[in-house]
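Reviewing the structure listed below.
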Amino acid sequence: MTKEQGGFRGWSAGRRGAVSRLRFTSLRLRLVVVFGLVALTAAVSASGIAYWLNREAVLTRAQDAVLRDFQQEMQNRAGALPVPPTQDELQRTAGQMAASSQRFSVLLVATDADGKTVYGNSGGLNGFALGDVPGSLRAAVNKQQKVADGNKSPYHLYWQRVVDHGTPYLVAGTKVIGGGPTGYMVKSLEPEAKDLNSLAWSLGIATGLALIGSALLAQAAAGTVLKPVHRLGVAARRLGEGRLDTRLRVSGTDELADLSRTFNNAAEALEQRVAEMAARDEASRRFVADMSHELRTPLTAITAVTEVLEEELEAESGSIDPMIEPAVRLVVSETRRLNNLVENLMEVTRFDAGTARLVLDDVDIADQITACIDARAWLDAVELDAERGIHCRLDPRRLDVILANLIGNALKHGGSPVRVSVHIDGEDLVVAVRDHGPGIPEDVLPHVFDRFYKASASRPRSEGSGLGLSIAMENAGIHGGRITAANSPEGGAVFTLRLPKDASALAEGSDGKGDGSKGLADSKEEAS
């Protein structure tokens, strides 16, 4: 792999890690989103209220100033016009009124001496005309009110805000009491609108900054909250990996500190319990190993005696009393069974202690299976389907133990003929041992490789010790393989052994010394 490829893969891995940390189910992302939504809601609400209040204040202040000035001009200048006024007088007065401090446009409407309607226009805003005044406003201005205690004037000042081509305007009108002219005013509110737009932009920017600030605050808060949680997750993973001395540093008195203390207490209790269990397990293994070794010495002597008795039984001289011959045969059989059991127990203790190791050699699989069958006189009961020339690098002694247990189990509890087939699947060697018996009950299948497990409680004193298949599985495991048990659709049980063709890597990693037990063929009652 080139340096560029390594850099790209590192960048991709980092990016995937960042994305995984920010997935939607991440607590960090949810905290950021919640903080952001809260900040956004608060900022938008505050900005909206501030904008609305400032808008009303700005428009009301500008509007009140314009209307006050217009009303004052109407009283001082329009009220001073003669009745009836001429158009020139109206025009001149409108210009004077428009020159006030508020700079609005004025339209004066009156009737001259001839009864003709005359207009006086200040000339601003492209000629302010009566058609520019909303009809509802004109009707309200010209409507005479009834004079009463609560209404001392028949005419009032009315105003209205309008928008023309996107520009807001203030339009107002009133009528001079006593037959004077009617005056209308229009004032552009564009400067105020620009000020309000600037305010809106400022509030929008403030909202965005508040959102960013809330995201940063959420990140900081998430880091503060999630860092102890992350440490707890790392500690839990290390504890799950077997590092029972893992502890968390406890600081503070909050809930996370209480959680850390609880974790430390649980880890300490677990460490103590595992230590106690390991001590008991070690004691049990040492007891089994010591017992097996202690039994070997008397068994050696007993085995020698039983061999002599067995020779006497097979002799034609008939030196054994026929009355005790069954007892002698039982002693010979049980001694052989006890000897096998001790050998198997010693093999099991080697696996438990981790001292079993592989001694590899190049093995011709077909020759190895043939030798295993021939050594146990199974040639007539076993069919072999294996091509010559399949070579693997395995431990031949342990492979012989596996094959002897599987084939012996099939012959004892299955049905003849037993068929052994061999093939290569990729980098694995696959050996299938099938019998023609009734198969294995479904409730027994999960337990066939358990130690001392026997399916039939009615046969507790069968020839098997219940360790054969367990030892076969251990020998397969030390090669890096496995054995599976199943029932064939065509009837009978099938045990499938799968081993790597080359177990050199596992042999290099194994430690300890194995003295090479016999690994005699044994079986379990459940295979029947």
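Keep in mind that the numbers below use all heavy atoms, side chains included, and drop hydrogens, waters and symmetry copies. The first residue in the sequence is number 1, and the count goes up from there.
Looking only at distances, no side-chain donor or acceptor of Arg243 sits under 3.5 Å from a matching main-chain atom of Gly240. For the pair Asn264 (side chain) and Leu248 (backbone), a donor-acceptor distance under 3.5 Å is present. The backbone N or O of Ala503 sits nowhere less than 3.5 Å from a side-chain atom of His479 that would complete a donor-acceptor pair. The main-chain N or O of Ser421 is never found under 3.5 Å from a side-chain atom of Arg434 such that the two would form a donor-acceptor pair. Using modelled atom types, no side-chain atom of Asn409 and backbone atom of Asn405 make a donor-acceptor pair closer than 3.5 Å. One N or O on the side chain of Asp132 and one on the backbone of Ala129 form a donor-acceptor pair closer than 3.5 Å. At distances below 3.5 Å, at least one donor-acceptor pair connects side-chain atoms of Asn475 with backbone N or O atoms of Ile471.
Interatomic distance, Lys187 NZ to Arg161 CZ, rounded to the nearest 0.5 Å: 14.0 Å. Between the CZ atom in Phe449 and the OG atom in Ser470 there is a gap of 9.5 Å [rounded to 0.5 Å]. Taking CG from Leu170 and CD from Gln63, the interatomic distance works out to 5.5 Å, rounded to the nearest 0.5 Å. Here the CG atom belonging to Leu108 is positioned 6.0 Å from the CE atom belonging to Met74, to the nearest 0.5 angstrom. To the nearest 0.5 angstrom, Leu497 atom CG is 6.5 Å from Leu406 atom CG. Atoms CG and OG1, on Asp64 and Thr60 in that order, are 6.0 Å from each other to the nearest 0.5 Å.
Between Ser100 and Gln72 the shortest side-chain heavy-atom distance does not fall below 4.5 Å. Two residues are said to be in side-chain contact when any heavy atoms from C-beta on lie closer than 4.5 Å; Ile402 and Phe495 fail this criterion. Side-chain contact between Val162 and Leu137: absent, with no pair of heavy atoms (C-beta onward) separated by less than 4.5 Å. Considering only heavy atoms from C-beta on, Thr86 stays 4.5 Å or farther from Val118 through its side chain. Counting only heavy atoms from C-beta outward, the side chains of Asn76 and Met97 never approach each other to under 4.5 Å.
Shown here is His423, whose NE2 atom has more than 12 heavy atoms of other residues, nucleotides or ligands within 6.0 Å. Atom CZ of Arg247 has more than 12 neighbouring heavy atoms from other residues, nucleotides or ligands inside a 6.0 Å radius.
The side-chain contact (heavy atoms from CB on, under 4.5 Å) with Tyr184 is formed by just one residue from the set Val133, Val171, Thr174, Asn121; it is Val133.
The two residues Val106 and Ala94 have their closest heavy-atom pair at CB-O, 4.0 Å. Minimum interatomic distance between Thr246 and Leu239 (heavy atoms only, all atoms of both residues): OG1-N, 4.3 Å. Looking at every heavy atom in both residues, Val250 comes nearest to Ser260 through CG2-CB, 3.9 Å. Of all heavy-atom pairs spanning Ser122 and Ala98, the tightest one is CB-CB, 3.5 Å. Nearest heavy atoms, Leu81 versus Pro181: CD1-CG, 4.0 Å. Of all heavy-atom pairs spanning Arg138 and Leu130, the tightest one is NH1-O, 3.2 Å.
Applying the ring-ring contact (aromatic ring centres under 6.0 Å, His included) criterion to Phe104, with sequence neighbours excluded, gives Phe70. Listed by chain and residue number, nothing satisfies the salt bridge (charged side-chain N to carboxylate O under 4.0 Å, His left out) test with Asp164 (two or more places apart in sequence, or in another chain).
Side-chain contact check for Ser504 and Asp502: at least one donor-acceptor pair (N or O, by modelled atom type) lies under 3.5 Å.
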Carefully, step by step, assess Ile424 and Leu429 under the rule side-chain contact (heavy atoms from CB on, under 4.5 Å).
CA-CA 5 Å; Ile424 297 297; Leu429 167 70; 3.9 Å; yes
When you look at Glu73 and Thr93, which way does the side-chain contact (heavy atoms from CB on, under 4.5 Å) test go after all the steps?
CA-CA 10 Å; Glu73 291 293 329; Thr93 302; over 6 Å; no
Step by step, work out the side-chain contact (heavy atoms from CB on, under 4.5 Å) result for Met185 and Asp69.
CA-CA 11 Å; Met185 174 277 299; Asp69 197 9; over 6 Å; no
May I have the step-by-step check of side-chain contact (heavy atoms from CB on, under 4.5 Å) for Val186 and Leu107, ending in yes or no?
CA-CA 9 Å; Val186 62; Leu107 173 65; over 6 Å; no
